[in-house]
Amino acid sequence: MLRFVLRRVALVLPSLAGLLVVTFLLIHAVPSDPAVAMAGDAATPEQIERLRKQYGLDRPIWEQFAVYLGKVATLDLGESAFTRRPVARDIVQRLPATLELTFCALALSVFIGVPLGVMAGLKHNTWPDYLLRVFSVLGIAVAAFWFAIMLQLLFSMQLGWLPLRGELDVSIARPTRVTGFLLLDCLIAGRLDAFADAARHLVLPAVTLSLGGLATIVRFTRAGVLDTLQHDFVFYERAMGYRRLRLIWIYVLRNSVTATVTQIGLLFGGLIAGGVVVEAIFDWPGIGSYTVQAILTGDRQVMLAVTLLVGTVYAGVNILVDVVHGLLDPRLMERT
Amino acid sequence: MSRHGRLGRRELGGLAIGAFAAGALRSAQAADATTFVSGFGLPINLDPHQIFDVPMQAVMLNAYDNLYRYQGDPPKIVPWLAESHTVSADGLTWEFKLRSGVKFHDGSPLTADDVVYSFRRMLALALAPAGAFLKILKPEGVTAPEPLVVRFKLETSYAPFFAAIPSISIVNPRQIKANEKDGDWAKSWLASNGAGSGSYRIVPAGYRPLEYLDMEIFDGHFLGWSDNPKPVRKIACRPTKESSTRLLALLDGSLDCTDTNLPADQVAQINASKIAYVQKDVVMRTFIIRMNNTKPPFDNLNARRCFAHAFNYMGFITDILGGYATRDPYPMPDTLWGIPKDAKGYDYDLAKAKEYMAKAVAEGAPMKRPFELHVQSENEQSVQGAQLFQSDLAQIGINLKVVGNIWSNLTTAAAKPETTPDMWVHWVSTYFVDPENWVGQMYDSQFHGTWKASAYYKNPEVDALLRKARALTKQEERAPLYEEAIRKIMADSPDIWIYNSMQLQGLNKRIKGRRFCTVGQGAEMRWVTLAS
Amino acid sequence: MIPILRKLGRDLPAMLGLGIVLVVLVIAILGPLLAPYPEDAAAAHLLRRLKPPSAAFPFGTDNLGRDIFSRVILGARGALSIALTVVSTAMAIGVPLGLIAGYRGGWLSETIMRVTDVVLAIPQLVLALALAQLMSPSIESAMLALSLTYWPFFTRIVYAETRRLSASLFVDALRGIGASTPRIVFLHILPNAISPVIVRATIGLGFTILVAAVLGFLGMGATPPAPDWGLAIAESRTYLPRAWWYATFPGLAILITVMGFNLLGDGLRDIVDPRLRRSR
Amino acid sequence: MTPEPILALRDVSVQLGGRKGLLRRTVPPVRAVSGVSLELQEGEILSLVGESGCGKTTLGRTILGLQRESAGEILLDGASVGGLPSDAARRARRTIQYVHQDAAAALDAWWSIGRTLAEGLLIHGVRDAGERRDRVVAMLSAVGLDPASARRYPQEFSGGQLRRVALARILLLQPRVLILDEPTSGLDMSVQATVLNLLLDLRERFSLTYLFISHDLSVVERLSDRVAIMYLGRIVEAGPAKELFADPSHPYTRTLLAAAPRLSGRRASGQSLVRGDPPSHATALPGCAFFDRCPIGEPACQASMPPLEPIASAHDVACFRAAPSGAAASVHHRATTARSAASSDIVSPLRISSAKPSLGTITVRQ
Amino acid sequence: MMPVLSVRGLKVSIHTDDGLASILDDVGLELERGRILGVVGESGCGKSTLIRAVMGILPKGASVDGGEIWFEGENLLAFSEAELNTGVRSSRIGFIPQDPLLALNPVFKVGTQLLEVMRWHAPDDGSRGNARRARHVARLVSLLRRMQVPDPEQALESYPHQFSGGQRQRLLIAAALACAPGLVIADEPTTALDVTTQHQILLLLRELVAEFGISLLFVTHDFGVVAELCDDLCVIYAGQTVETGTVRSILDAPAHPYTRALLACHPDRATSFLGIPGTVPSPFARPSGCLFAPRCLDVRPLCLSARPPQGRSSSGAEVRCVQYA
């Protein structure tokens, strides 16, 4: 097991290095001059030139890359040219919010999607299957921003059940930061009022974000169940008189979710990057708006750091997916 | 969803279950009478010596103080930390007499040394706010001859110096020095902290860049609070990122004010609500379509005039902006001094445009080539204006392509005439209230290379007039020079000047005592009271 | 081919999807003929801004007084051409790489698959936005960005299929009778591997339309006055919720089209999925 | 003096798999085939018999050239064709062809049968499309299929028909040696019979030499001229079919014969001659690989690998305990008994090994 | 004595995309207590449908159109799915599947799977909870030991893929016997095995029938296996029983032309490899007369017009052929 994980980590490192090179080149090919943006609206050409020197922007790109690599090696992601804060600190501050949202959205997709997928698989090519498929595809097809606004109108404006935006009401004091995950911090601080409020703030964005994943999970679980049902062992287990519910939800399901788990891994990467729209609409203080801001201002350090971060999370989640695969199916672990 | 734009919750009031659920679940959204939830955008960081833009004003005016400050509408420059000032006859030596008894947030007194330190820090960082000072002021030119007197020795006479004085915030050197690293003037630290003396103090734990910022009242502010017995005690800045969310939050009561870029189309909706209304204020912020005068056919006067006549000014202002802007045919706000009121601007007249086009073509101008008009794609208004222009130009046979772009790319591109687009759209806001902010920096060829001068207009006569006006200190002497320069500029039609903005801001009706000034756009909170 | 169509015929959602796709295709091809106001692709009519749906304007008008119905119809062509361009470009890059990596093995395969991993790890949005900046935001840069981020999916599929197929008996038999590598790869493995590719491509068409809309929403996709669905929704945000029709109809157009491609892809997948082939 | 064999293998070994790595479990390569020598005379049917995993298919693929041998020599018509990478090996050995066990899986489901058959001709240089068509039609008739079936696709054929298609495809290439890998496995008895019949018929008509890989002893017995028994990558006994079935010398051969179900056979009862599971390379021990299942094994068998040596003319056995034909009457007797009737009288391996007869034979062999 | 299992005139058809297929047309067999009945037929003759019908697990779209299945005096066709699942499967009818590799759930431990069966179907002895489970484990261990599975305790903790084919089949036999059923149905349990392993399994089954007092329904396509193992024999062709009797009598003197033709194809008997001409009739269009008539070497005009009656051969086997009417 340990060997398995170590091997995967070792395989990931060159990929991340490659990712860094690609992103570095890409970002540096962008014509936007960070010095111009950094100097601000009222700056003079002399001021801009000075900044360019100060930040080594006038130096050859490989020199800039070498300097950057040296820093990354010591986990120093540099300082944002704009916020003047260490990028690592900004990310540490914001990532938990995004992760919290992503986890909740994924959990929603999984807890709803897997049972629906199983049901669709069992009812293959009947009306319930058709309806489930159409509805799950609706989830993918509906534009998230449109759906988000509809949710806001219904649940915040008309019914007034859920807050419109943000992660905590202004009237509620933030709990002391321990983990950075607001819900956890509320619990650690024993602040149930804040926890309830934070949870309510989480509902609409999480529901919106879960939509796209839901369809994918339904789709792959359904295919997995259909596949598993073809296997001889299902007939055998029926012939041996397994209880139907246990047969489906334990014995069939565990064989069926391998592809779903892979998809969850892929979704996770996509959700982190794709949460931008949802974060914008719900004013969620996560990594998404930070990224967009960085791109709009040409904040290279932040763009690099975010790419590296998303790449790392993506790779990490994929390792996790492999581990889960191994736990689900003992045969896989032995092949390593 | 209500089709009438009125999101009256009462429409659903009949639904007992809904009402019950709403009652049961709705949190204490009923806004607290001493907390103001602000929708002003946040600056990219909190250091007033690094950032100088509109969102920074909302932080600066509340958390810091300046020697002088713009107040009122139209704006007047009034004493603030300084009681008064004197200027030498040659316009080179300025002395400011400070108030006594001013305290920083940490309780230490504010003295002339602190002012000197603040100016020197600003000059050393040499970032945006320093733009107006770098050429005329050396660090050693700022001194404190007496504990409450600050003296500036300028290198050259520069009239806008005084107009720019309110843009510099006075910071607390003791706090700064305590957080300095490697002689960085604590610019990392101040980027997410406050070190001022303003009416409100920044709560560092309540700050996440670009997301939220909490400020709490500073009871020891030098002006005292006798003029506002029931002030806002906490300013919670919660900027919105989406225009629809902004609108909903305002109508929902969870936002007390929006930022000042409310689209005209949302005005009716807000005004129809019970809880909020739209405040209209005339500001000095001109909307311009730039032309790159170095690129043919824009090097041709008739071509430029053709374009100037092809924009449907009133259609844009009346129909698209709902009338919430005033036609401004001049290259700067028509409310500012120095405007030649007799000069006639360009009007929408496709026939004339065609005439000029024919002339330009006769002179060999390549009018048939496709043109690019760059807009900031995230800005709805500029996109709409561009599309309107596109539609009209198509009628006279000009092929215009609207290209979405972003600010940082555009300003980078504008640094060289070759990379500057054919045309692009932007506003010029009030950085300081002086013609220098507009025509001075836009049409004096010495500024070529900055985005403000991106028309690359060059007229030696105009250059001479503008330079002369810059060096004089008296407004009466300067005004005729600017009027003369503007007449010449307008005759050359280097750009298409469209309107001076009317600022639209959605406000909760509980807000009382708001004082508006074009500088800061009404973000200064110290007189605001929240009615219950 | 015939049995595939017959099986598809019994799958109602897939038929619904096929129907939608065909209708959208027809609309895309005949667009200007079907739209009541074809000139509204670019015109501006300030006097009829933001009119609600009526007989004259079934979907209402937008912020420049243009007929939304016409623009929705005219937008189909753009949406489809983006989707087709992106997916075919991604296929053109991804499929050959997958074939090479899957059939050859060794360092070349390793390199290709590692590069694929790297590209998969680049946040799509970051790449799209960076390219949008690099080339100025336009439909072309959006398409390039999407193509560049989408090809690894094809590489992975083709790689897995090729690995599976090159270990299969029929390829072994071909080697046995002395077939050359290009013959095996292009005449035998490629057709056999193409089914999942087509499925992925079909779903990808829908996906691309959606992502292009998101890019439009972020101002990085189509540029005005293109009658682009995503752009229309982005423009409409300012007018929500009052001008509900402004976002709703382009939104429905996206929804239905994406749904059509997805349903069709799902149906095709059911039929060609080798894991499901055993059924019946 | 026997004529020059059409195909000869000399001490051929094949290694499969194996990998190393810092973070990967190191897996040593598996010797799927070790030191196999075989000769195939023109026109004969040589059967290769063994249980799953014994290396018979690997050996077939190695002869064909799809798998590279790690040691040894392969001679085709007396000329060495070994040591080549697979493409070159296939060119050198194009007169050897291989018919897969699973005929359906060996055909590209996307290609019609006619195209698939013609493809082989195209690869082998028949440029004229008309000629290809004619030869395909002729060959389809030759294997007993309707020439119209050229337009049909593999999934439209039954298992028996697919075997015919597979044969037609290979025969079009005018091979001289056919390696038939379990050509009747998975077929019903009635179909199996017709396929075997066809194979014999085609051998006559096309002057073919067969290497017949199978585990079905009843088929092998009826079809083969010579038989080689494989166990864990080695040939443990080889000889003329009649002699080998009548007089099996290796204990494994006897085990196989005893285990095969027979129509005539009364059911076995009580203890079996057959012990243990078929072996895998992972559990291989030094010495005789069959030792752990051998009814007559003795400690010396564990010390070294018994070599394959003749016990009669053209009959080789790799066993220390197998006496030359006639010299070990008791063993011979038991074997025949085992074959023909219940094996109750040889079921006690303990008794046999405790008797420890003929240590002398071992010395002789050394 | 009443037979343990008695199938009479069983008809099963299935709705497919291509129409209605008649899988079982008229199948009848009787399995006496303590005996082994071999059911022999070529692929597609309906062997597995017969098993599925007895177990009550027909594939989607299939239905029993006629006939009876009597098991220990009860008509199984009258049982609901729930009754079959709780009261018959495993507890009264054990099942040994064809391919031991595919029949075990690959991702669960063997012990988990076997205990799952016992949890619901093992005879109730009053113990509950952990005690019951421990008793089940103990029974499994002793069963596995009997099946000659080395280290039974460890085996329960292992996954299916960690066993060889023969060992897996032993596990499945143990599972079939775990809940002490009276009838065990084996579906070609040795087809996927090597010949030496097959031999061992056949011996084992033979012993178990006597030892556990079970009756065994053994489905196969291999006459050799039948000859080695079974007492009685039932030959099926195209969904019909064509000949039933004792193994000895049928092998010594096959009566039905199909049985004769089939045996003539067996290498042990074949004089030449001729096979049986023609193919099995399609289940969508069965001929009106004798189903074997189109392939029969001894066909008479009567055979083509009407279904042949049941007759009895000289050796005592029941034969569906006009020759014996």
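Each chain gets a letter, A, B and so on, in the order the sequences are listed, and its residues count up from 1.
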Check your understanding: For D/Phe212, which residues count as a ring pair (Phe, Tyr, Trp, His ring centres under 6.0 Å) partner, sequence neighbours excluded?
Key -> none
Check your understanding: Who passes ring pair (Phe, Tyr, Trp, His ring centres under 6.0 Å) against D/Tyr252, sequence neighbours left out?
Key ->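 For D/Tyr252 the ring pair (Phe, Tyr, Trp, His ring centres under 6.0 Å) partners, ignoring immediate neighbours, are D/Tyr231, D/Phe290.
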Review point. Under a 4.5 Å heavy-atom cut-off, does chain D meet the side chain of E/Gln148, its backbone, both or neither?
Key: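 Interface part for E/Gln148: neither.
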Exercise for review: Please look at E/Leu251 and chain D and tell me whether the side chain, the backbone, both or neither of the residue comes under 4.5 angstrom of a heavy atom of that chain.
Suggested key: side chain
Exercise for review: Give a yes-or-no answer on whether the side chains of D/Glu182 and D/Ser185 include a donor-acceptor pair shorter than 3.5 Å.
Suggested key: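 Checked: D/Glu182/D/Ser185 side chains show no N/O donor-acceptor pair below 3.5 Å.
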Review point. Under 4.5 Å between any side-chain heavy atoms of E/Leu203 and E/Glu228, yes or no?
Key: no
**Study point:** Proximal component of D/Leu198, with respect to chain E [non-hydrogen, under 4.5 Å]
**Key:** neither
